[in-house]
There are 2 protein chains.
Amino acid sequence: MNYAEFKNILEIREENLYRDVYLENQDAIRIKKEATAVKNFEKIFNSVFEITYEKGFQAMTMRDLSCHTKLSLGALYGYFSGKEELLAIIHKQGNSMIRKIFGQFYDPQANPVEQLRTLIKAHMFLSESARPWFYFTFMEARNLTPTGREAVLSMEEYTENMLLEILEAGETEGIFIKRDHVMTASLIKAMQQDWYLKRWKYKKRGITVDTYTEYLIDFTISFISL
Amino acid sequence: MNYAEFKNILEIREENLYRDVYLENQDAIRIKKEATAVKNFEKIFNSVFEITYEKGFQAMTMRDLSCHTKLSLGALYGYFSGKEELLAIIHKQGNSMIRKIFGQFYDPQANPVEQLRTLIKAHMFLSESARPWFYFTFMEARNLTPTGREAVLSMEEYTENMLLEILEAGETEGIFIKRDHVMTASLIKAMQQDWYLKRWKYKKRGITVDTYTEYLIDFTISFISL
DNA sequence: GTCTATACACAGATAGAC
DNA sequence: GTCTATCTGTGTATAGAC
């Protein structure tokens, strides 16, 4: 599987994603027509990602967002009750999307090496196709309420644990060297995250997500293989 | 060399650091007595790091800083002309400190394996002893002026290039496998950064900087060694 | 649903007494 | 050098017309 194939498999379309946002917050928002809401949520989210990438969420003013979305200040408040809620909605939606898609790529039948490859790829390709979301989650987690913050940390542990289980299974089956798998899993995650945190660097160098992913997998496998 | 030994070698004392801040900004600040300035700069910097770790620099108000340092608003403005300048001073000082100390640990005589070990350790231990600074630089780079931002990126490239040169030398000498050294260097950096970005995680697990560093070195060496 | 105009709070920054 | 009191700008959020 490469990135292009991944995107084909991915059945979740952007549009459905914003429909979810609308449906899950239906009581909190004033807008009643689904089509309008979906269209504008997409605009709003993308604008937030773009502005926030430049200066961070706190520094983004509602007026910035208004200019960027070409919706007036008053109109914006039809879609969420305040800036803080907007942040929460974005995070929540991102979280649930990521969990949903990860599930699709877990195959307990495959051998550990294949499982590891698939999991690393799934994470890399997902973070590529929803990069603004991943970047945002990482950088803006601090601004969340304690509950929201915990959700982010628990996501980190959740994905790391999937790696950990595979590594342990591999050792048990005698395929992988005995190592400190907790450390290995942490380091893999660190390298995965670098891809979306340093977008500018890899873009400048013309490194694609496919190249990066293969290299990361080689790096890892060479360390744990007998 | 382990972390304890590193700290002994490190000749730069905290106090000297804040003296530098005072001396380099002497014309811009109202305070004339060195002792007072040094003492309060230390308080101010540490407060900024602490508050910012929780909510980010933008979200930190001057009143927050005033409470935390136990200096009044008016007094604070004796030490810097405004919030933006404060940010710039912190970044600038961090940058120059890091470059200065890195220089100390570069030994072109040693063989590539030793050079690599030393360089990775120097970076890890430095980032540990000045962790707030590293974390701050990473997370708040976005808020800098374009010039300041470039300084951060150039630091990233500077340290990465040192790794790169060692890897290439090692290949030339026939000690390391032929690989995409640019990619390897990037991944090493990614793993180094994870240490100070995810402090909470490693602390919770009781992983020390020495353990982490040794593991990272093993990981790397096993990939590039013949 | 979207707009403009505006209320209100709060942040950054300064003045001037001590 | 440090304080308190205060000015001024700007940001979030709402009211009410269209």
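Per chain, numbering begins at 1; letters A, B, ... match sequence-line order. Values below: every heavy atom of this structure, side chains too, minus hydrogens, waters and symmetry copies.
Qualifying ring pair (Phe, Tyr, Trp, His ring centres under 6.0 Å) partners for B:Phe49, counting only residues two or more places apart in sequence or in other chains: B:Trp133, B:Phe136.
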Inset, instruction - Start with the C-alpha gap between A:Gln115 and A:Leu163, add the side-chain angles, then the distance that decides, and say whether side-chain contact (heavy atoms from CB on, under 4.5 Å) holds. - result: CA-CA 9 Å; A:Gln115 275 189 40; A:Leu163 288 169; over 6 Å; no
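Nucleotide D:dT12 holds its P atom 11 Å from the CG atom of A:Leu86, rounded to whole Å. Look at CD1 on A:Ile29: it is 15 Å from C1' on C:dT2, rounded to the nearest Å.
Within the nucleic acid shown, A:Tyr79 comes within 4.0 Å of sugar-phosphate atoms alone, with no base atom in reach, counting heavy atoms only. Across all strands shown, B:Asn40 has heavy atoms under 4.0 Å from sugar-phosphate atoms exclusively, and none from any base.
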Letter by letter from the 5' end, nucleotides 3-14 of chain C scores (B base, S sugar-phosphate only, - none; protein heavy atoms under 4.0 Å) BB------BBBB
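Among pairs with a residue in residues 69-94 of chain B, those fulfilling salt bridge (charged side-chain N to carboxylate O under 4.0 Å, His left out) read B:Glu24-B:Lys92, at least two apart in sequence or across chains.
Looking at B:Glu156 and A:Trp200, their side chains come closer than 4.5 Å, going by heavy atoms from C-beta outward.
Cation-pi contact between B:Arg199 and B:Tyr135: absent, since separation from the ring centre below 6.0 Å together with deviation from the ring axis within 45° is not met.
For the pair A:Arg142 (side chain) and B:Thr52 (backbone), a donor-acceptor distance under 3.5 Å is present.
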